[in-house]
Amino acid sequence: MEILRTVDALRRAVEKARGEGLSIGLVPTMGALHRGHMSLVERARRECDVVVVSIFVNPTQFNNPDDLLTYPRTEQADCAMLEAAGADFAFVPSSEEIYPEPDTRVFDLGSVAEVMEGAMRPGHFNGVAQIVSKLFGWVQPSRAYFGRKDIQQIAVIRRMAAIEGFAGEIVPCPIVREDDGLAMSSRNTRLNAGQRAIAPAIHRALLDAVEACKAGESVEQVRRRAVDAIDAVDGLRTEYFEIVHPDTMQPIACWEEAPRGAIGCITVYCGEVRLIDNISFTPVKP
C-alpha cells in the first residue's frame, strides 16, 4: 500500500489507474479506524480494481471546537489496518494540503440537511459536502462507500453529488456492531468502562421500538418508548430520536407516510460522548 500526502500525488495515482481502464473505489474516513471501516474497505476491494482510502479529520464539519480537538487520531495503526485489508492507496493529507485557502462554498443541500444532525450541528453538513466534493473531484471514483450509521450524511452526499454532477455510485454499507449491539464508532474509544457498559442500551431500545412498531403502536408511541427507555439509564441522555422517511429524512407522523419502511435516527449523550445510531422500521400491513 502506498501512502499519499499530497493532492498531486493522489491525482497522479488515480489518473494512472483510470488510464489503464481500472475501476476506482473510494472510502472517505476520518481515521481512528475500526471493523466498521474495514467492512467498507473490504467491500470496495471486492467490487473495484483500485481502492483509495482517505484519512482526514475535516475541521470544517466540526461546529464544536472541543469535539475537533478530542477526535481520536491513530494514523500509524490506521495505515497498518488498511494495508492488511488490501487498500492500494491511503490518502493522508494535512489540513493545509486540503485547504490551502478557506473553502467558502455554501451548498444548497435542501431539507435533508436541515433536520436532526443539521439542526443540532449548524454548518456540519456543509463541511461534509466541502470535503467529500473535493475528494470526489480529485479521485473521480467509480464507487464511493459510506456506512449506514451516518444515514443522514448519505442522503446529504447524494444531494451534493447531484448538484455537482458526480457520476460515481454512492454505496451505503450496513452498520457493524459490537457483540453487545453498540454501533462501532471512532468515538467509542472515548467511553470509560462505566459508559461503555451502559452504551448498548441505545441499541436495545431501538430493537424494542421495532417490536412495538410491529405490535401496532403509533409513530409517537414508538418514539416516546425509545426515548423513555434510554433516558431511564443513569448516564445516558437522548438528544433526539426521530422516525423519518428514508429518502427525505423528514419526520413522519404515521407509518403510512413511509410505506417502504421508515428509519429511526437517534443521538444520545453517554456522559460527554455523543453517539449516533439508527434502525429500520417495516410496519406490519393490515
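- Electrostatic pairing of Glu220 and Arg223 counts as a salt bridge here, judged by a charged N lying under 4.0 Å from a carboxylate O.
- The pair Asp231-Arg237 does not meet the salt-bridge criterion, since no charged nitrogen lies less than 4.0 angstrom from a carboxylate oxygen.
- With hydrogens and angles ignored, the 3.5 Å screen pairs a side-chain donor or acceptor of Asn126 with a backbone N or O of Phe107.
- Considering Val139, Leu4, Thr6, Val53 in turn, Leu4 is the only one that fulfils the side-chain contact (heavy atoms from CB on, under 4.5 Å) rule with Phe91.
- In this structure, the side chains of Val52 and Val14 come closer than 4.5 Å at one or more pairs of heavy atoms.
- Remark: Asp247 engages Arg260 in a salt bridge, criterion side-chain N to carboxylate O under 4.0 Å.
- Using a distance-only test at 3.5 Å, with no hydrogens or angles considered, no donor-acceptor pair links the side chain of Ser23 to the main chain of Ser142.
- Note that OG of Ser133 and CD1 of Ile163 are 10.0 Å apart. Values are rounded to the nearest 0.5 Å.
- The backbone N or O of Pro200 sits nowhere less than 3.5 Å from a side-chain atom of His203 that would complete a donor-acceptor pair.
- Hydrophobic clustering of Ile, Leu, Val, Met, Phe, Trp and Tyr side chains at less than 4.5 Å, counting indirect connections, keeps Ile263 apart from Trp255.
- Looking at Arg121, its side chain never comes within 3.5 Å of a backbone N or O of Phe125 through a donor-acceptor pair.
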Checklist entry - Please walk me through it: do Phe136 and Glu164 pass side-chain contact (heavy atoms from CB on, under 4.5 Å)? => result CA-CA 10 Å; Phe136 280 10; Glu164 297 296 304; over 6 Å; no

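- With a 6.0 Å radius and a threshold of 12 heavy atoms from other residues, nucleotides or ligands, Asn192 has its CG atom above the threshold.
- The existence of a salt bridge linking Glu15 and Arg12 is excluded, since no basic side-chain nitrogen approaches an acidic carboxylate oxygen closer than 4.0 Å.
- Between Arg148 and Asp277, no side-chain nitrogen of the basic residue sits less than 4.0 Å from a carboxylate oxygen of the acidic one, so the salt-bridge criterion is not met.
- Taking a cutoff of 4.0 Å between a charged side-chain nitrogen and a carboxylate oxygen, Arg45 and Asp88 qualify as a salt bridge.
- Side chain of Gln152 to backbone of Glu117: a donor-acceptor contact under 3.5 angstrom is found.
- Taking the charged nitrogens against the carboxylate oxygens, Arg5 and Glu75 do have a contact shorter than 4.0 Å, which makes a salt bridge.
- By the 30° and 60° cut-offs, the orientation of the rings of Tyr71 relative to Phe62 is perpendicular.
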Checklist entry - How far apart are the C-alpha atoms of Thr60 and Gln130, what are their side-chain angles, what is the distance that settles it, and do they pass the side-chain hydrogen bond (donor to acceptor under 3.5 Å, both in side chains) test? => result CA-CA 8 Å; Thr60 70; Gln130 287 175 343; 3.0 Å; yes

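- Judged by distance alone, with hydrogens and angles left aside, the side-chain atoms of Asn278 form a donor-acceptor pair with the main-chain N or O of Lys149 at under 3.5 Å.
- Both Ile151 and Met116 are members of a single hydrophobic cluster when ILVMFWY side chains are connected at heavy-atom separations under 4.5 Å.
- Within a 6.0 Å sphere centred on CZ of Arg43, other residues, nucleotides and ligands contribute more than 12 heavy atoms.
- With rounding to the nearest 0.5 angstrom, the CD1 atom of Ile170 is 6.5 Å from the CD1 atom of Ile157.
- The two residues Gly36 and Ser39 come nearest to each other via the heavy atoms O-OG, 2.6 Å.
- A salt bridge does not link Arg18 to Asp49: none of the charged side-chain nitrogens sits closer than 4.0 Å to a carboxylate oxygen.
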